[in-house]
2 protein chains.
Amino acid sequence: MPENKAPLKPTDTELEILQILWQNGPSTVRLVNEEQNKTKETGYTTTLKLLQIMFEKNLVTRDEESRSHLYQAAVTEEETQQSLLNRFLDTTFRGSAMKLVMQALGNRKTSPEELDQIRHLLKKLEDESSASDS
Amino acid sequence: MPENKAPLKPTDTELEILQILWQNGPSTVRLVNEEQNKTKETGYTTTLKLLQIMFEKNLVTRDEESRSHLYQAAVTEEETQQSLLNRFLDTTFRGSAMKLVMQALGNRKTSPEELDQIRHLLKKLEDESSASDS
DNA sequence: AAGTTTGTACGAAAAAAGTCGTAGTAAATA
DNA sequence: TATTTACTACGACTTTTTTCGTACAAACTT
């Protein structure tokens, strides 16, 4: 059981780095930096410093065995998404998940397969709620 | 037709203020400040300055007729939500609207009525997409 | 009319986030 | 072994965002 007190609020850059770590697994500073540079030129020490800060915040762990440390996300993508989603929902959609969903679906082209998946989820949610009504 | 070039990225505090303006319509600095204070103690001139900055950024307009100016949101809630949603989707969910929707629905209790509304939307989306396939 | 209250304007401090240079050391290589 | 390369540590500078103090003016109050 993680003992993560704080509501988990990575900054924009921290989130970018987390994405890289989630996608690549344990990575050296250099690798993270190279990934970052695909999007936006970033100095090596900048990346290093960020990772060090994230380490202090317990957003990442690191393996110091070899000379170039291996950094790894200490939070899962799902829990981070959930946390950010809740915050976003409150600040931007005044807490209305419905409205967010409607806009997300409405203004983006969603494939029929995806729509179908959502339909399944809806059914499941409905079943669950009626089951708990007993 | 608005000539809004920038992708519309209000900061957190700016968004709070926009929310207040959307809910209350044209408002004086004082009113905005009082609303803010319900959540978080904020000095009067702090609010004033923010509104002035937002005015320069064209996030709000103002009526200077009477001594206490009336500020009004210059962007709609919907377009702002849409813009922030797109950004959020990209940075946090790597662009997958589906995943966001699933998490939004899954981890929050959504009422049967709301689920039903979404179901209607799904149907509409489906109809539209098959219609445009002609 | 003098004084108090309620405004705006605006510079500048404080806080938060991101960037980078320099020092020092281990490892590779010439 | 001397040199160059690849790392970490860390302080400090920059930029962005937020907060606030002070100055000054209009409009009420007495």
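Computed over heavy atoms, backbone and side chain alike; hydrogens, waters and symmetry mates excluded. Labels below follow one simple rule: chain letters A, B, ... track the order of the sequence lines, proteins then strands, and each chain is numbered from 1.
A salt bridge does not link B/K99 to A/E77: none of the charged side-chain nitrogens sits closer than 4.0 Å to a carboxylate oxygen. Using a cutoff of 4.0 Å between basic side-chain nitrogens and carboxylate oxygens, B/D90 and B/R87 are not scored as salt-bridged.
For the pair B/N33 CG and C/dT6 C1', the computed distance is 13 Å after rounding to whole Å. If you measure from atom CD of B/E65 to atom P of C/dG7, you get 17 Å, rounded to the nearest angstrom. The CD atom of A/E41 sits 12 Å away from the C1' atom of C/dC20 (whole-angstrom rounding). Rounded to whole Å, atom C1' of D/dT17 lies 14 Å from atom CG of B/L15. The CG-P distance, from A/D12 to C/dA16, rounds to 16 Å in whole Å. Note: CD (A/Q36) to P (C/dC20) measures 11 Å, nearest angstrom. Rounded to whole angstrom, the span from the CD atom of A/E14 across to the C1' atom of C/dG18 amounts to 10 Å. The CD atom of B/E56 sits 10 Å away from the P atom of C/dG11 (whole-angstrom rounding).
Taking only side-chain nitrogens and oxygens, A/R67 never comes nearer than 4.0 Å to OP1 or OP2 of C/dT25. Listed pair A/K40 / C/dT19 meets the phosphate criterion, a side-chain N or O lying under 4.0 Å from OP1 or OP2. A sub-4.0 Å separation between OP1 or OP2 of D/dT18 and a side-chain N or O of B/T46 is absent. Taking side-chain N and O atoms only, B/Y44 has no distance below 4.0 Å to OP1 or OP2 of D/dG21. Between A/R30 and D/dT5 there is no side-chain N or O to OP1 or OP2 distance below 4.0 Å. Within the 4.0 Å cut-off from OP1 or OP2 of C/dG18, at least one side-chain nitrogen or oxygen of A/T13 is found.
The residue B/Q52 sits close to a base: some heavy atom pair falls under 4.0 Å. Nucleic acid contact for A/I53: none, since no nucleic acid atom lies under 4.0 Å from a heavy atom of the residue.
Ring pair A/F88/B/F88 is parallel by interplanar angle, where below 30° counts as parallel and above 60° as perpendicular.
Linking Ile, Leu, Val, Met, Phe, Trp and Tyr whenever their side-chain heavy atoms come within less than 4.5 Å puts B/L59 and B/L15 in one cluster.
The side chain of A/K49 lies closest to C/dC20 when the candidates are D/dT22, C/dG18, C/dC20. When the nucleotides D/dT22, C/dG18, D/dC7 are ranked by their closest atom to the side chain of B/T45, D/dT22 comes out on top. For B/L48, whose side chain is taken as the heavy atoms from C-beta onward, the closest listed nucleotide among D/dT19, C/dG7, C/dT8 is C/dT8.
In terms of modelled atom types and a separation under 3.5 Å, the side chain of A/S68 and the main chain of A/T28 share no donor-acceptor contact.
Nearest-nucleotide mapping onto DNA chain D: of A/H69 and B/T11, the residue sitting toward the 5' end is A/H69.
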